[in-house]
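Here is the structure we will look at.
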Amino acid sequence: MTEGGLKYLKKLVWEVHELQDKAKGLKTRIQNLYCYEEDVLDWDAHMQLSSAVAAMKDAVPCITDAILELQKAYKAEKALMDTSDGLLNDKSDE
């Protein structure tokens with residue numbers, strides 16, 4: 001991967017982390033709507049909102065897994081790049 005690719009990958013990790021924060025906030029907002037604000041009168045709507053919160057709870061760990069995998073990819077690519085750079089520098093010394 002090029003240096004530009006590494007920068008892009010790092011940016012993706014940041015964006016997915018922001019998505020994780022947003023998902024947590026949205027889960028709370030949906031839950032507040034039907035639990036505390038009591039704006040929902042229809043029982044079916046209440047159940048659907050409850051299901052939406054459950055789905056958001058499931059989404060957060062999946063997003064966390066995506067962050068971890070992206071970070072691993074970054075570290076692997078960075079290590080390979082550092083190794084390649086080190087080999088190139090050693091050859092130029094000869």
> Can you list the steps and then say if K11 with E15 is a salt bridge (Lys or Arg N to Asp or Glu O under 4.0 Å)?
Replying inline: CA-CA 6 Å; K11 181 182 175 192; E15 288 179 25; 3.8 Å; yes
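Contact check for R29 versus L33: no side-chain heavy atoms found under the 4.5 Å cut-off. W14 is not listed as a side-chain neighbour of K10, based on a closest heavy-atom distance of 4.5 Å or more.
Here the CG atom belonging to N32 is positioned 11.5 Å from the CG atom belonging to L49, to the nearest 0.5 angstrom. Here the CD-CD distance, from E77 to E3, works out to 11.5 Å after rounding to the nearest 0.5 Å. Residue L6 holds its CG atom at 6.5 Å from NZ of K78, rounded to the nearest 0.5 Å. From D42, atom CG reaches atom CD of Q48 across 9.5 Å, with rounding to the nearest 0.5 Å.
The two residues Q31 and V53 come nearest to each other via the heavy atoms N-CG2, 3.6 Å. Looking at every heavy atom in both residues, M81 comes nearest to M1 through CE-O, 3.0 Å.
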May I have the list of side-chain donor-acceptor pairs in residues 59-68 shorter than 3.5 Å, sequence neighbours left out?
from	atom 1	to	atom 2	distance (Å)
T64	OG1	Q20	NE2	2.5
T64	OG1	V60	O	3.0

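Between H46 and W43, the ring planes are parallel. Angles under 30° get that label, and only those over 60° would be called perpendicular.
Looking at residues two or more places apart in sequence or on another chain, you find no side-chain hydrogen bond (donor to acceptor under 3.5 Å, both in side chains) involving K7.
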